[in-house]
Amino acid sequence: MPELVFFSGTMDCGKSTLALQIEHNRSARGLQGMIFTRDDRAGAGKLSSRLGLVTDAVEVADDLDVYAYVVDRLSQGGKVDYVIADEAQFLAPGQIDQLARVVDDLDLDVFAFGITTDFRSKLFPGSQRLVELADRVEVLQVEALCWCGARATHNARTINGEMVVEGAQVVVGDVNHAEDEIGYEVLCRRHHRKRTTSATAHAGTLSPDVLPVA
């Protein structure tokens with residue numbers, strides 16, 4: 001049976017790489033997919049991985065009806081065997097409903113990839129709707145690591161290396177950035193709660209003989 005599957009994880013855990021791998025494996029068997037994305041680091045209409053892989057995609061605007069777009073492709077004689085939606089956290093809840101309709105009404109598998117929570121540890125509306133609707137939610141097994149070596153579970157937004165907790169929910173950036181730019185860093189829950197980034201930790205590293213007091 002076709003499924004809506006949500007692959008979730010922090011930044012830098014290989015979500016886009018897996019999306020590209022699924023696309024490669026299925027296209028190698030003669031299947032043809034439709035790829036949607038939004039605000040990819042490589043620019044509009046691209047699905048890219050930090051490993052350097054990139055492919056074309058449909059950029060999802062605020063007013064795009066994803067279900068109608070797929071139906072239109074099929075109505076014009078195009079072939080669509082499955083759908084991939086990367087950066088799905090940036091989609092509107094209504095667009096997630098449209099992806100679910102692609103599964104239910106068109107009998108197509110939909111593979112959605114995205115971050116669950118933002119830099120404030122709040123659910124993205126698109127990710128929340130995916131958790132509510134998905135047939136399966138898969139947490140990626142390639143673990144991103146905090147600067148301390150623990151498993152990273154939270155995304156932090158940084159400016160000049162310092163973590164910030166206010167601002168717009170969506171600001172496009174990357175984990176690879178100049179220090180004076182808005183960027184992102186993955187942290188374990190403890191260091192996200194303490195707002196301790198790699199830059200601030202290295203600036204004030206405690207002696208191993210000193211115990212933390214907070």
Side-chain angles (χ1 to χ4, degrees), residues 1-27 29 31-41 46-50 55 57-74 79-144 151-155 169-170 172 184 186 189:
M1 294 291 292
E3 290 184 307
L4 172 58
V5 186
F6 179 32
F7 294 93
S8 69
T10 62
M11 299 181 73
D12 211 22
C13 74
K15 296 182 301 300
S16 297
T17 301
L18 179 58
L20 288 162
Q21 185 67 55
I22 288 177
E23 163 65 11
H24 170 76
N25 290 350
R26 291 182 171 239
S27 62
R29 297 294 178 265
L31 301 176
Q32 186 169 329
M34 179 168 287
I35 304 174
F36 295 95
T37 190
R38 177 159 185 169
D39 294 334
D40 187 274
R41 69 184 71 83
K46 298 294 182 182
L47 165 57
S48 68
S49 164
R50 291 187 181 87
T55 191
V58 177
E59 185 74 13
V60 179
D62 290 339
D63 59 351
L64 180 68
D65 186 322
V66 178
Y67 175 80
Y69 194 97
V70 177
V71 169
D72 184 62
R73 175 69 62 86
L74 293 169
K79 183 181 180 183
V80 181
D81 296 306
Y82 59 94
V83 171
I84 290 174
D86 196 33
E87 305 293 356
Q89 72 274 5
F90 296 145
L91 302 188
Q95 291 169 326
I96 302 301
D97 284 273
Q98 293 158 13
L99 289 175
R101 189 179 177 192
V102 168
V103 177
D104 297 338
D105 293 358
L106 302 180
D107 291 328
L108 300 178
D109 282 315
V110 173
F111 306 101
F113 300 81
I115 299 167
T116 306
T117 57
D118 64 15
F119 69 103
R120 302 165 299 182
S121 297
K122 304 295 183 182
L123 285 168
F124 282 100
S127 298
Q128 177 179 334
R129 193 61 178 147
L130 274 166
V131 171
E132 293 166 348
L133 292 182
D135 297 293
R136 286 189 292 128
V137 177
E138 300 281 353
V139 178
L140 294 194
Q141 297 304 307
V142 178
E143 296 180 349
R151 183 170 71 91
T153 54
H154 291 65
N155 305 293
Q169 186 176 52
V170 179
V172 179
Y184 291 90
V186 289
R189 184 182 63 236

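Everything numeric in this text was worked out from a predicted model, so none of it was measured.
- With hydrogens and angles ignored, the 3.5 Å screen pairs a side-chain donor or acceptor of Asn155 with a backbone N or O of Thr117.
- Taking the side chain as every heavy atom from C-beta outward, Val186 and Arg151 never approach each other to under 4.5 Å.
- Residues Ser8 and Ile115 are not in side-chain contact: their nearest non-hydrogen atoms beyond the backbone lie 4.5 Å or more apart.
- With sequence neighbours excluded, no residue forms a side-chain hydrogen bond (donor to acceptor under 3.5 Å, both in side chains) with Asp107.
- In this structure, Tyr82 and Glu23 have side chains that are in contact, with non-hydrogen atoms separated by less than 4.5 Å.
- At a threshold of 4.5 Å between non-hydrogen side-chain atoms, the residues Lys46 and Thr55 do not count as touching.
- Scored by the side chain to side chain contact (heavy atoms under 4.5 Å, CB included) test, Thr37 finds Asp40, Ala57, Glu59, Asp86, Glu87 as partners (sequence neighbours excluded).
- For the pair Thr116 and Phe124, the minimum side-chain heavy-atom distance is 4.5 Å or more.
- Under the ring pair (Phe, Tyr, Trp, His ring centres under 6.0 Å) criterion, Phe113 pairs with Phe7, not counting sequence neighbours.
- Residues Leu99 and Val83 are in side-chain contact: their nearest non-hydrogen atoms beyond the backbone lie under 4.5 Å apart.
- If you take CD1 on Ile96 and CG on Leu91, they are separated by 4.5 Å, rounding to the nearest 0.5 Å.
- Remark: Leu31 CG to Asp109 CG distance equals 10.0 Å, nearest 0.5 Å.
- Applying the side-chain hydrogen bond (donor to acceptor under 3.5 Å, both in side chains) criterion to Asp72, with sequence neighbours excluded, gives Gln76.
- Under the 4.5 Å side-chain criterion, counting only non-hydrogen atoms from C-beta, Ile84 is not in contact with Phe36.
- The side-chain hydrogen bond (donor to acceptor under 3.5 Å, both in side chains) search around Lys79 returns none, not counting sequence neighbours.
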- Output, in order, the C-alpha distance, side-chain angles, deciding distance and verdict of side-chain contact (heavy atoms from CB on, under 4.5 Å) for Leu108 and Asp81. CA-CA 6 Å; Leu108 300 178; Asp81 296 306; 5.5 Å; no
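- Residues passing the side-chain hydrogen bond (donor to acceptor under 3.5 Å, both in side chains) test with Gln32: none are found, sequence neighbours excluded.
- Here Gln95 contributes atom CD and Phe90 contributes atom CZ; the two are 13.0 Å apart, rounded to the nearest 0.5 Å.
- Applying the side chain to side chain contact (heavy atoms under 4.5 Å, CB included) rule to Thr17 yields the partners Ser49, Leu51; only residues at least two apart in sequence or on another chain are considered.
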Show me, pair by pair, the donor-acceptor contacts under 3.5 angstrom made by side chains of residues 61-69, not counting sequence neighbours?
residue	atom	partner	partner atom	Å
Asp62	OD1	Arg38	NH1	2.7
Asp62	OD1	Arg38	NH2	2.5
Asp65	OD1	Tyr67	N	3.1
Asp65	OD1	Ala68	N	2.9

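- Under the 4.5 Å side-chain criterion, counting only non-hydrogen atoms from C-beta, Val70 is in contact with Leu106.
- Taking CZ from Arg29 and NE2 from His24, the interatomic distance works out to 8.0 Å, rounded to the nearest 0.5 Å.
- Closest approach of Val131 to Val137, counting heavy atoms only: CA-CG2, 4.4 Å.
- Residues passing the side chain to side chain contact (heavy atoms under 4.5 Å, CB included) test with Glu132, sequence neighbours excluded: Gln128, Arg129.
- Judged as a side chain to side chain contact (heavy atoms under 4.5 Å, CB included), and not counting sequence neighbours, Asp104 has no contacts.
- Going from atom CD1 of Ile22 over to atom OG of Ser27 covers 11.5 Å, rounded to the nearest 0.5 Å.
- Under the salt bridge (charged side-chain N to carboxylate O under 4.0 Å, His left out) criterion, Arg136 pairs with Glu3, Glu138, sequence neighbours left out.
- Residues forming a salt bridge (charged side-chain N to carboxylate O under 4.0 Å, His left out) with Asp105 (at least two apart in sequence, or on another chain): Arg101.
- The CG atom of Leu4 sits 6.0 Å away from atom CG of Leu130, with the distance rounded to the nearest 0.5 Å.
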